[in-house]
Amino acid sequence: MLNAIGLNNPGIGRVLREYAPKWSSLRAPVVLSIAGESVDEYVEIAQRAEEAEAIAALELNVSCPNVSEGGALFGSDPVQAASITGAVRAVTSLPLIVKLTPNAASVPEVALAVESAGADAVSLVNTIAGLVIDVEGRRPALGNGGGGLSGPAIRPVAVRLVWDVARVVTVPVVGLGGIARVEDALQFIMAGASAVQVGSAGFAKPDTIIRVADDLAEWIGRHGVASLDEIRGCAVPNSEPRE
């Protein structure tokens with residue numbers, strides 16, 4: 001899927017007023033994804049998030065345009081990524097996951113930079129920059145021009161980047177990108193991921209995340225695996241299972 005949906009949302013104020021009070025009744029922990037167009041916006045949102053007791057962690061999306069710096073991606077530059085991670089780390093006591101973009105010269109270098117700046121975990125990858133041309137209209141098919149490519153097409157790239165990052169950082173790695181079935185999730189885990197996320201597949205089949213979780217439990221039982229630690233990172237040469 002190629003999209004230019006952006007990050008439209010009701011804003012932190014409305015989220016805290018209308019959504020957060022309901023989260024305490026959920027059986028699953030809530031991880032709040034935060035994004036902004038400047039360091040100050042990220043910091044403000046992180047500070048406000050402390051008001052909601054039901055938030056278990058923050059996922060810092062550094063794949064967003066940095067408007068104040070000419071539209072570059074925060075996450076494409078290790079220095080910028082570390083700067084924003086450090087700024088948010090200074091104002092929140094919540095566990096901090098930093099979501100990385102694949103559109104960087106060296107994703108492992110960015111991962112190491114945010115780890116040094118205080119990230120408790122990293123998640124990757126976000127969408128890959130893409131472009132589709134409407135040949136009849138002779139212009140980009142999306143109104144924004146380019147967009148973000150997600151879904152099964154990017155999974156091999158995402159698995160490779162999780163493999164690369166998991167070998168250099170000490171914090172947990174969350175893998176995502178094209179997961180639609182249990183075999184997909186297992187690839188990320190065997191590449192070194194401590195957890196996985198399901199995104200685009202949910203648009204076509206909203207129950208995907210439940211089905212993948214159920215199938216994972218069945219796979220573990222069928223193969224006599226006592227814990228995911230037995231297979232986490234097992235595909236990486238000379239690796240030890242990650243805790």
Side-chain angles (χ1 to χ4, degrees), residues 3 5 7 9 28-36 42 45-46 49 55-64 73-78 80-82 84-89 92 94-104 106-129 148-152 154-180 184-202 208-209 212-213 216 228 232-233 236 242-243:
N3 82 86
I5 296 172
L7 295 171
N9 63 84
V30 173
V31 178
L32 184 70
S33 175
I34 67 173
Y42 279 93
I45 296 170
I55 296 176
L58 299 179
E59 184 178 61
L60 186 64
N61 187 347
V62 296
S63 304
C64 300
L73 290 172
F74 282 118
S76 64
D77 177 69
Q80 285 200 64
I84 193 168
T85 300
V88 171
R89 176 76 286 165
T92 182
L94 292 168
L96 185 60
I97 306 165
V98 179
K99 186 174 185 178
L100 306 180
T101 174
N103 305 307
S106 174
V107 178
E109 186 177 349
V110 177
L112 284 169
V114 300
E115 178 183 34
S116 297
D120 297 301
V122 293
S123 60
L124 63 151
V125 297
N126 207 332
T127 57
I128 295 174
L149 180 66
S150 62
I154 75 167
R155 186 175 59 252
V157 176
V159 171
R160 174 54 192 260
L161 289 174
V162 165
W163 166 295
D164 290 342
V165 169
R167 297 172 76 177
V168 299
V169 299
T170 60
V171 296
V173 175
V174 181
L176 61 143
I179 296 176
D184 304 334
L186 283 165
Q187 287 190 55
F188 282 94
I189 294 168
M190 291 181 182
S194 294
V196 298
Q197 296 179 12
V198 175
S200 296
T208 298
I209 188 169
V212 169
L216 182 57
L228 287 179
R232 184 170 293 114
V236 180
R242 296 178 62 86
E243 295 182 359

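Bear in mind that the values here come from a model prediction, so they are computed numbers and not experimental data.
The shortest heavy-atom contact between Ala82 and Ala113 is CB-O, 3.7 Å. Considering all non-hydrogen atoms of both residues, Ile179 and Ala201 come closest at O-CB, 3.5 Å. Counting all heavy atoms, side chain and backbone alike, Phe188 lies closest to Gly175 at CD2-CA, 3.7 Å. When all heavy atoms are compared, the tightest approach of Ala104 to Gly75 is CB-O, 4.0 Å. Of all non-hydrogen atoms in Ala111 and Val165, the two that sit nearest each other are CB-CG1, 3.7 Å. When all heavy atoms are compared, the tightest approach of Leu32 to Ala49 is CD2-CB, 3.9 Å.
Taking CG of Leu100 as the start and CG of Leu161 as the end, the distance is 9.5 Å to the nearest 0.5 Å. Rounding to the nearest 0.5 angstrom, the gap separating the OG atom in Ser33 from the CG atom in Asn61 is 5.0 Å. Atom OG1 of residue Thr127 and atom CG of residue Asn103 lie 7.0 Å apart, to the nearest 0.5 angstrom.
Two residues are said to be in side-chain contact when any heavy atoms from C-beta on lie closer than 4.5 Å; Lys99 and Leu60 fail this criterion. A heavy-atom distance below 4.5 Å is found between the side chains of Leu112 and Val169. With a 4.5 Å cut-off on side-chain heavy atoms, Val196 and Leu176 do not count as touching. Inter-residue side-chain proximity for Arg155 and Gln187 is flagged as met; some heavy-atom pair is nearer than 4.5 Å. By the 4.5 Å heavy-atom criterion applied to side chains, Ser194 and Val173 are not counted as neighbours. Using a 4.5 Å heavy-atom threshold, the side chains of Thr101 and Val62 count as separate. Looking only at side-chain heavy atoms (C-beta outward), Val125 and Val157 stay at 4.5 Å or farther from each other. Counting only heavy atoms from C-beta outward, the side chains of Val236 and Arg167 approach each other to under 4.5 Å.
By the side chain to side chain contact (heavy atoms under 4.5 Å, CB included) test, Ala46 is found to be paired with Ile34, Leu58, Val88, Val91, residues two or more places apart in sequence or in another chain being considered. Not counting sequence neighbours, the partners of Ser200 by the side chain to side chain contact (heavy atoms under 4.5 Å, CB included) test are Met1, Ser150. Under the rule for a side chain to side chain donor-acceptor pair (under 3.5 Å), Asn9 has no partner lying at least two apart in sequence or in another chain. Not counting sequence neighbours, the partners of Ser123 by the side chain to side chain donor-acceptor pair (under 3.5 Å) test are Glu59. Here Asp164 pairs with Arg160 under the salt bridge (Lys or Arg N to Asp or Glu O under 4.0 Å) rule; sequence neighbours left out. Under the rule for a side chain to side chain donor-acceptor pair (under 3.5 Å), the partners of Asp120 that lie at least two apart in sequence or sit in another chain are Arg89.
No more than 12 heavy-atom neighbours from other residues, nucleotides or ligands sit within 6.0 angstrom of CD1 on Ile209.
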Kindly indicate, with the supporting measurements, whether the criterion side-chain contact (heavy atoms from CB on, under 4.5 Å) is fulfilled by Val114 and Val122. CA-CA 8 Å; Val114 300; Val122 293; 3.7 Å; yes
Between Glu115 and Thr170, is a side-chain contact (heavy atoms from CB on, under 4.5 Å) present by the stated rule, with each step listed? CA-CA 8 Å; Glu115 178 183 34; Thr170 60; 2.5 Å; yes
